[in-house]
Amino acid sequence: MGKNNSGTRRIQPILWISTLYFAMGVPFVTINAVSGIMYKDMGVSDSQITFWTALILFSWTLKPLWSPFLEIYKTKKFFVVFTQFAIGILFALVALSLPMHDFFKYSIALFAVIAFCGATHDVVADGTYIGFLTNKEQAKYIGWQGAFYNLAKIISSGALVYFAGVLEKTKGVTNAWMIIMVIYALLFFLLAIYHYFILPKENKEEHKEEKNAGNVRKELWEVITSFFTKKKILWCILFIILYRFAEGFAIKIAPLFFKAPRTSGGLGLSTSDIGLIYGTYGSAAFILGSVLAGYFISARGLKRSLIWLCCAFNIPFVVYALLAYYQPSDLLPVGIAVVVEYFGYGFGFVGLMLYMMQQIAPGKHKTAHYAFATGIMNLGVMIPGMFSGMISDWIGYKMFFIWVLIATIPAFLATLFVPFPYPENQKEQQINS
């Protein structure tokens, strides 16, 4: 098994990569997708849902600004466990807010705090992944990382949404979603306990140097300036924003489109139908796509693979346009469409993550620079997501998903001309073995 940086026996990385990235995905997916279904069930309008649930994702963009302060006193492991406990408490408070008269105001505020904790968790989780794995291991596990990150999407928008639909029939809408929020809370308490024992420990020698807010501010300025002076960084930033631009529109509206009545251009599916489609048809397709992409990249190299990954990620959005046009009443074609989209999503997403790790993050401040890259990447999802509801209300679901396909064009252009500042065969960072 080898040894980690602390000199103790090294735990197999897959034992903590799987749960760490699952925990990373749950807050983002819950706020970005599941909350929309919940609010739709509770009578909130599409434009309100998409604007506010997208706006509070801004924490994931701003997270690099506080990431250096996380290392003043404590380790990455401490903040992983702490933020997971905090997220558990916050989900419990969301559950308590739902029966209130102004439930949307209170719950969206709590989701905003969950977003802050989730973004902080992302920084330390990515720092653990980059700091304890060599380049070869990063490439080896990138498919699994992506699979478990997005397995959160399957569990949250699949199994738990399905369960909410079942509970609605006997408990009512409000009580059903209160139970789901409590399940989220318990899940994060368990994850925090598990990671307290399983995460690798950092070398305490690395934390001997005394730090304070003053020199951390200087370090932050150095991190920012060194990031934006990297070779061809503006082209790299343009690429990571545009790669997911169409997704930002599609991911906010797709579940609302599934839920909307057929007379409004939707598919008229029940909450449990939506959960069943995502949780069964989509789950295997997504995980298979993520894992296969890791091996595909490992065999061909990222540079030769990237345009194919972009195609896999963006072209499947055509299925939503077809569903909006034909409005099938049978679940089978909807399930097939989700399988196609989720396989492509899983296959294409890992290429973007590996590009940020190996072409943007390398250097003295690789953890912070990776946080910058992922934060900027989220702008490509957040900005179109904020206005997706207004656009779909304006032009209808049919034309909206045509617009999504048009929005994929910048991703293809950015991918064709994306720079590779670092050679793919650069010498790996070695970890004690």
Side-chain angles (χ1 to χ4, degrees), residues 4 8 10-35 37-38 59-60 70 74-98 107 110-111 113-129 132 141 144-164 166-167 171 175-202 275 278-280 283 286-287 290:
N4 62 18
T8 58
R10 194 183 188 208
I11 296 170
Q12 285 290 349
I14 192 63
L15 294 178
W16 53 266
I17 291 171
S18 55
T19 52
L20 192 61
Y21 278 85
F22 175 78
M24 182 191 289
V26 170
F28 187 87
V29 172
T30 305
I31 293 170
N32 198 34
V34 177
S35 65
I37 300 172
M38 179 183 76
S59 288
W60 276 276
L70 300 177
K74 300 293 184 179
T75 64
K76 297 179 184 67
K77 179 176 180 176
F78 169 85
F79 282 107
V80 166
V81 174
F82 177 81
T83 53
Q84 287 175 359
F85 266 118
I87 290 170
I89 292 170
L90 289 163
F91 270 121
L93 293 176
V94 171
L96 294 175
S97 74
L98 294 182
S107 61
L110 289 165
F111 277 134
V113 184
I114 290 174
F116 174 80
C117 292
T120 303
H121 178 274
D122 283 15
V123 172
V124 289
D126 286 331
T128 302
Y129 186 89
F132 282 88
Y141 289 111
W144 292 106
Q145 181 217 78
F148 282 98
Y149 178 89
N150 287 284
L151 180 61
K153 184 176 182 180
I154 306 303
I155 299 299
S156 292
S157 57
L160 290 179
V161 170
Y162 175 81
F163 189 43
V166 172
L167 290 171
K171 304 291 185 182
N175 289 334
W177 283 105
M178 286 180 68
I179 292 171
I180 298 302
M181 293 300 117
V182 169
I183 291 173
Y184 278 123
L186 295 175
L187 173 63
F188 271 91
F189 292 144
L190 292 174
L191 285 167
I193 294 168
Y194 176 77
H195 289 134
Y196 177 81
F197 292 104
I198 203 72
L199 279 183
K201 297 179 180 179
E202 296 170 64
Y278 281 124
T280 58
S283 58
F286 178 84
I287 294 172
S290 297

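Heavy-atom basis, side chains included; hydrogens, waters and symmetry copies ignored. We're numbering straight along the sequence, starting at 1.
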Would you list the atom pairs, donor with acceptor, under 3.5 Å between side chains in residues 80-95 and any protein atom, with sequence neighbours excluded?
residue, atom, partner, partner atom, Å
Thr83, OG1, Phe79, O, 2.7
Thr83, OG1, Val80, O, 3.1
Gln84, OE1, Ala192, N, 3.2
Gln84, OE1, His195, ND1, 3.1
Gln84, NE2, His121, NE2, 2.9
Gln84, NE2, His195, ND1, 3.1

Could you tabulate the donor-acceptor pairs under 3.5 Å formed by side-chain atoms of residues 179-191, not counting sequence neighbours?
residue, atom, partner, partner atom, Å
Tyr184, OH, Thr30, OG1, 3.4
Tyr184, OH, Ser156, OG, 3.2

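Taking each heavy atom of Thr128 and Pro200 in turn, the nearest pair found is CG2-CG, 4.2 Å. Nearest heavy-atom pair, Trp16 versus Leu199, reported as atom, atom and distance to 0.1 Å: CB-CD2, 3.8 Å.
Evaluation of the salt bridge (Lys or Arg N to Asp or Glu O under 4.0 Å) rule for Asp122 yields Lys63 as partners, not counting sequence neighbours. When the ring pair (Phe, Tyr, Trp, His ring centres under 6.0 Å) test is applied to Phe116, the partners found at least two apart in sequence or on another chain are Trp66. By the ring pair (Phe, Tyr, Trp, His ring centres under 6.0 Å) test, Phe28 is found to be paired with Trp60, residues two or more places apart in sequence or in another chain being considered. Among residues two or more places apart in sequence or in another chain, the side-chain contact (heavy atoms from CB on, under 4.5 Å) test is passed with Ala33 by none. For Ser59, there are no side chain to side chain donor-acceptor pair (under 3.5 Å) partners two or more places apart in sequence or in a different chain.
Between Tyr196 atom OH and Ile193 atom CD1 the span is 11.0 Å, to the nearest 0.5 Å. For the atom pair OG1 of Thr19 and OH of Tyr194, the computed distance is 4.5 Å after rounding to the nearest 0.5 Å.
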Could you go through Val124 and Lys77, starting from their C-alpha distance and side-chain angles, then the distance that decides it, and tell me whether this counts as side chain to side chain contact (heavy atoms under 4.5 Å, CB included)? CA-CA 7 Å; Val124 289; Lys77 179 176 180 176; over 6 Å; no
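The shortest side-chain heavy-atom distance between Trp177 and Leu167 does not fall under the 4.5 Å cut-off. Between Ile114 and Phe111, the closest side-chain pair of non-hydrogen atoms falls below 4.5 Å. Residues Phe286 and Ser290 have side chains in contact (heavy-atom distance under 4.5 Å, counting atoms from C-beta outward).
Crowding of Tyr162 atom OH: a count of heavy atoms from other residues, nucleotides or ligands under 6.0 Å not exceeding 12.
Panel note: side chain Lys76, backbone Ala125; no donor-acceptor pair is recorded below 3.5 Å.
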